[in-house]
Amino acid sequence: MNRTCQALLLALLTACSTATTVTGEWQGDRTSTSFDHLLIVGISANSRMRRSFEIALADLVRARGVQATAAIQVGDGTTTPTPEGITAMARAIGADGVLVTRLAARKVSARESETRYGVKAQQPTRLGSGPGLVELFSLEYNEYEDPGELSARSTAILESSLYDMRQGDRLAYVVTTTAKFREDRDDVVANVTRAIAGQLQRVGLIR
């Protein structure tokens with residue numbers, strides 16, 4: 001593959017990928033040491049989405065050398081976690097930090113591409129033994145309609161609050177993640193969890 005084709009392919013992949021941005025803000029005094037064990041909690045009424053998110057983020061945190069536990073694997077995955085339940089769960093497994101992620105806002109925009117109309121001409125029907133003049137004027141024309149495609153694109157803002165169990169459940173850091181994606185094509189969980197784990201590592205909260 002030449003360099004021109006490689007450049008075009010890279011541009012295409014970049015354009016089709018999920019656009020995810022992440023920011024972080026310390027709450028009060030900055031934590032000087034990283035956490036050893038994080039309890040990962042996702043707040044969602046969709047238990048399947050919650051499970052996917054918690055397990056994916058826990059795997060990414062563990063890959064960076066910090067122990068992590070998905071709350072749905074140790075608690076009751078059929079109910080929405082409560083503050084009391086999360087605290088009790090963290091203490092039971094010996095977690096020194098709790099990362100709680102919730103959906104802060106979401107916007108869905110729909111766009112329909114233009115409907116196209118046209119005419120298709122079929123080859124002339126063979127009427128005799130050779131391509132006479134009659135055959136040249138026997139083309140059949142059929143009109144067709146190519147309906148527009150309706151596409152939906154979502155923008156989701158998630159807030160991940162990190163609580164320090166070593167300091168009386170103090171809120172230590174908040175990660176805000178903004179993801180723009182197409183639900184039928186983009187793996188939003190993978191993109192969002194990578195962004196969150198990367199931000200925690202950049203500021204030294206995980207190794």
Side-chain angles (χ1 to χ4, degrees), residues 17-27 31 33-106 108 154-167 169-207:
S17 63
T18 301
T20 304
T21 58
V22 61
T23 59
E25 184 177 357
W26 291 97
Q27 307 297 308
T31 302
T33 58
S34 62
F35 290 87
D36 294 321
H37 186 178
L38 291 183
L39 175 65
I40 307 298
V41 183
I43 305 299
S44 174
N46 186 328
S47 60
R48 185 175 60 180
M49 178 63 70
R50 177 189 164 198
R51 172 178 290 275
S52 297
F53 174 84
E54 289 185 356
I55 292 177
L57 185 52
D59 287 343
L60 289 172
V61 172
R62 282 195 296 270
R64 289 163 169 78
V66 176
Q67 188 175 355
T69 302
I72 203 164
Q73 294 181 308
V74 294
D76 183 2
T78 62
T79 59
T80 302
T82 63
E84 296 78 11
I86 293 172
T87 300
M89 192 184 305
R91 290 174 178 167
I93 65 175
D96 56 357
V98 178
L99 185 66
V100 181
T101 300
R102 68 180 184 88
L103 180 65
R106 181 183 177 187
V108 179
S154 297
T155 299
I157 300 176
L158 295 91
E159 288 185 355
S160 302
S161 302
L162 180 58
Y163 296 89
D164 194 338
M165 301 296 292
R166 303 166 299 191
Q167 300 184 34
D169 306 348
R170 180 181 72 86
L171 177 60
Y173 194 75
V174 175
V175 179
T176 302
T177 309
T178 302
K180 297 181 179 180
F181 59 95
R182 285 189 60 174
E183 296 186 12
D184 59 338
R185 296 186 181 180
D186 295 322
D187 190 350
V188 64
V189 171
N191 285 277
V192 167
T193 52
R194 278 197 298 265
I196 295 172
Q199 181 65 20
L200 295 177
Q201 186 175 36
R202 277 190 292 272
V203 297
L205 290 168
I206 60 176
R207 301 182 186 91

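Not measured: the values here are computed from a predicted model. The basis for the numbers below is simple: all heavy atoms, side chains too, and nothing from hydrogens, waters or symmetry mates.
Pairs of residues two or more places apart, or lying in two chains, never qualify as salt bridge (charged side-chain N to carboxylate O under 4.0 Å, His left out) while including a residue from residues 193-205.
For the pair T176 and I157, the minimum side-chain heavy-atom distance is below 4.5 Å. With a 4.5 Å cut-off on side-chain heavy atoms, R64 and S34 do not count as touching. Contact of the M49 side chain with the V189 side chain is registered, since non-hydrogen atoms from C-beta on lie closer than 4.5 Å. Counting heavy atoms from C-beta outward, Q199 and V203 have side chains that approach closer than 4.5 Å. Residues D169 and R91 have side chains in contact (heavy-atom distance under 4.5 Å, counting atoms from C-beta outward). For the pair L38/L162, a side-chain contact is recorded, criterion being any heavy-atom separation below 4.5 Å from C-beta on.
A58 and A68 make their closest contact through O-CB, 3.6 Å (heavy atoms, listed as atom of the first residue, atom of the second, distance). Scanning both residues, F181 and A156, for their nearest heavy atoms gives CE2-CB, 3.9 Å. In plain terms, the two heavy atoms of Y163 and F35 that are nearest each other are O-CE2, 4.3 Å.
Each of I40, T193, L99 was compared with S160 under the side-chain contact (heavy atoms from CB on, under 4.5 Å) criterion, and only L99 meets it.
The backbone N or O of G42 sits less than 3.5 Å from a side-chain atom of E54, completing a donor-acceptor pair. The backbone N or O of D164 sits nowhere less than 3.5 Å from a side-chain atom of R170 that would complete a donor-acceptor pair. Listed for the D96 side chain is a donor-acceptor partner under 3.5 Å among the backbone atoms of H37. With hydrogens and angles ignored, the 3.5 Å screen pairs no side-chain donor or acceptor of Q27 with any backbone N or O of L171.
Between the CD1 atom in I72 and the CD1 atom in I55 there is a gap of 7.0 Å [rounded to 0.5 Å]. F53 CZ to L103 CG: the interatomic distance, rounded to the nearest 0.5 Å, is 10.5 Å. With rounding to the nearest 0.5 Å, the separation of CG in L57 from CD1 in I196 is 5.5 Å. Atom OG1 in T33 sits 4.0 Å away from atom CZ in R166 (nearest 0.5 Å).
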Inset, instruction - Decide yes or no on side-chain contact (heavy atoms from CB on, under 4.5 Å) for R50 and N46, but give the supporting numbers first. - result: CA-CA 6 Å; R50 177 189 164 198; N46 186 328; over 6 Å; no
Legend entry - CA sep, side-chain torsions, deciding dist, call: R207, D36, side-chain contact (heavy atoms from CB on, under 4.5 Å): CA-CA 9 Å; R207 301 182 186 91; D36 294 321; 3.1 Å; yes
Legend entry - Worked check of side-chain contact (heavy atoms from CB on, under 4.5 Å) between V66 and Q201: CA-CA 10 Å; V66 176; Q201 186 175 36; over 6 Å; no
Legend entry - Criterion side-chain contact (heavy atoms from CB on, under 4.5 Å) on D59 and R62, from CA distance to verdict: CA-CA 5 Å; D59 287 343; R62 282 195 296 270; 2.3 Å; yes
